[in-house]
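Start at 1 and go down the list; that is how both ligands and their atoms are numbered.
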Amino acid sequence: MAFQRPKGTADILPAQAKKWQKLEAAAAEVFAQNNIEEIRTPMFEAYEVFSRSSGETSDVVSKEMYDFYDKGERHISLRPEGTAGVVRAYIENKLFAPEVPKPVKLWYKGPMFRYERPQAGRMRQFNQIGLEILGSASPLVDAESIYLAIKFYKKLGFKNLKVAINSLGDKESRDAYRTALLDYLAPFKDDLSEDSKRRLDVNPLRILDSKDKKDKEITANAPQVLDYLNETSKEHFNKVLAIFDELDVEYVVDQSMVRGLDYYCHTIFEIMTTVEAYGGNELTICAGGRYDGLAELLGGEQTPGFGFAMGCERVLALIPDDEDDKQIDYFVLNVGDGTEIPSQVLVEKLRAKGYNVERDYLGRKLKGQFKAADKANAKFNIFVGSEELADESVKLRNNETKEESVVKIAELVK
Ligand code: ATP
Ligand code: MG
């Protein structure tokens, strides 16, 4: 029996891989232009890096982690997201040191792993491209990061973007809101979903994020977070919105949006779009926010931070497939005794000159080689035959004009 790939994973075949390369190149370009540098952290970390940062009871940690004990009895988890690892690396590598210019602007890309029920747009191994800006509490950073994500999607040609933004405020505001929310939810306690009942004790704000229908009905009339922001938190949020207004960014303030993780504060946002491939449903393609308390949760000094992650698979589903118009420079055909090795030497000489060269590897008859050359879509065919070889020459055919000529090998590779 032939093997199958694990549930929730994908093989990215060459035609698709080209799209991935374009997406990654576009991201690298936007980041470079904005003076943001790449960081690469391990694909697995100590389990606690995620359980501390996301919270033991978050969906990601309680249900979706790919965790295991390694041969040294260490509790390890494949990373479900990128932020915790980047912040861990920031602390461990002392990027907080005064000689490192602040804020530290980092981006990453790579696979993330979550044990989820696979469905359209939801996989067990998926990829994110993310940004993290550490060391500044300024709302300028919030606005600039979100603006960068919008610029990126515009560059990819996306229309129908919806930018939803909200603020959770600082700790004081968040605590005041939490109390108000708990008071509101108390009479509905028994009607909440099992998940949300648990969330009541640990992080009631997450109930607003619930996908359960009954939960959604209950929370429809819940108190609104922006009413609980203190003055500093209001000022922070208003600055972000003022920048967006000046830059003509279209956004909606969505108070029902809270991010799933405990560490968020102040500005949080999501960018959504509708995807035909997923039945025209609204899909979140980018999400993030401010996380001023995260570094402390991971044992570092208090460090303000802002970040986002975009789901690459969902973004790629929005980019049309290209037609395959790949062309190569030369296809080398060889016929007759003693032509195989000289033809390979010619192939390598041309490659050394920077040309894209293909040949036959299957010992095909001339007719078969012709077919292969056709498929390869070469600008020129080169025939290496015993007769011409004796004269250190080959036959060259311009596949566009169909002109043929005999040329010296030395001439050809010059
Ligand atoms: P959701 O509410 O859809 O489960 P989330 O809150 O778990 O999303 P984040 O942790 O914020 O998602 O991840 C950021 C982005 O990564 C998402 O907006 C989405 O585009 C993508 N993403 C998250 N989980 C998956 C997955 N299992 N498969 C594919 N992409 C994913
Ligand atoms: Mg999720």
Trainee: I'd like to know whether ligand 1 has Glu81 as a neighbour, heavy-atom separation below 4.0 Å.
Mentor: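 Checking ligand 1 against Glu81, which is what was asked, there is no heavy-atom contact under 4.0 Å.
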
Trainee: Is the shortest distance from a heavy atom of Arg122 to ligand 1 less than 4.0 Å?
Mentor: yes

Trainee: Thr273 side chain to Asn160 main-chain N or O, any donor-acceptor pair under 3.5 Å?
Mentor: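 Yes: the side chain of Thr273 pairs with the backbone of Asn160.
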
Trainee: Tell me if a side-chain donor or acceptor on Lys197 pairs with a main-chain N or O of Lys189 at a distance below 3.5 Å.
Mentor: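 No, Lys197 side chain to Lys189 backbone: no donor-acceptor pair under 3.5 Å.
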
Trainee: Does NZ or CZ of Arg397 lie under 6.0 Å from the centre of the six-membered ring of Phe380, at an angle within 45° of the ring axis?
Mentor: no

Trainee: Between Tyr69 and Tyr47, does the ring centre distance come in under 6.0 Å?
Mentor: no

Trainee: Are Lys211 and ligand 1 in contact, using a heavy-atom cut-off of under 4.0 Å?
Mentor: yes

Trainee: Judged by atom type as modelled, is there a donor-acceptor pair below 3.5 Å linking the side chain of Asp254 to the main-chain atoms of Ser256?
Mentor: yes

Trainee: State whether the side chain of Arg52 and the backbone N or O of Leu298 hold a donor-acceptor pair below 3.5 Å, judged by distance alone.
Mentor: no

Trainee: Please list, in number order, the atoms of ligand 1 under 4.0 Å from a heavy atom of Gly121.
Mentor: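 So the answer, numbered in order with elements, is 28 (N), 29 (C), 30 (N).
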
Trainee: Could you tell me which atoms of ligand 1, counted from 1 in the order shown, lie closer than 4.0 angstrom to a heavy atom of Glu116?
Mentor: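 Per the distance check, 24 (N), 25 (C), 26 (C), 27 (N).
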
Trainee: Backbone, side chain, both or neither: what part of Glu313 comes under 4.0 angstrom of ligand 1, heavy atoms only?
Mentor: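 No part of Glu313 comes within reach of ligand 1.
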
Trainee: For Thr284, take its heavy atoms, then give the atoms of ligand 1 lying under 4.0 Å from any of them.
Mentor: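 Reading through ligand 1 atom by atom, the close ones are 18 (O), 19 (C), 20 (O).
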
Trainee: With nothing but distance in play, are any N or O atoms of Ile285 less than 3.5 Å from an N or O of ligand 1?
Mentor: no

Trainee: Taking C-beta and beyond as the side chain, do Pro118 and Met123 meet within less than 4.5 Å on heavy atoms?
Mentor: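 Result no, sub-4.5 Å side-chain heavy-atom pair not found.
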
Trainee: Quick check on contacts: which atoms of ligand 1 are under 4.0 angstrom from a heavy atom of Ala287?
Mentor: 11 (O)

Trainee: Please list, in number order, the atoms of ligand 1 under 4.0 Å from a heavy atom of Met123.
Mentor: 26 (C), 27 (N), 28 (N), 29 (C)

Trainee: Taking atom CZ of Arg124 and atom CZ of Arg5, what is their separation to the nearest 0.5 Å?
Mentor: 13.0 Å

Trainee: Which option, Gln128, Gln125, Arg117, Arg124, owns the non-hydrogen atom nearest atom 16 (O) of ligand 1?
Mentor: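 Checking each option, the heavy atom nearest atom 16 (O) of ligand 1 is found in Gln128.
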
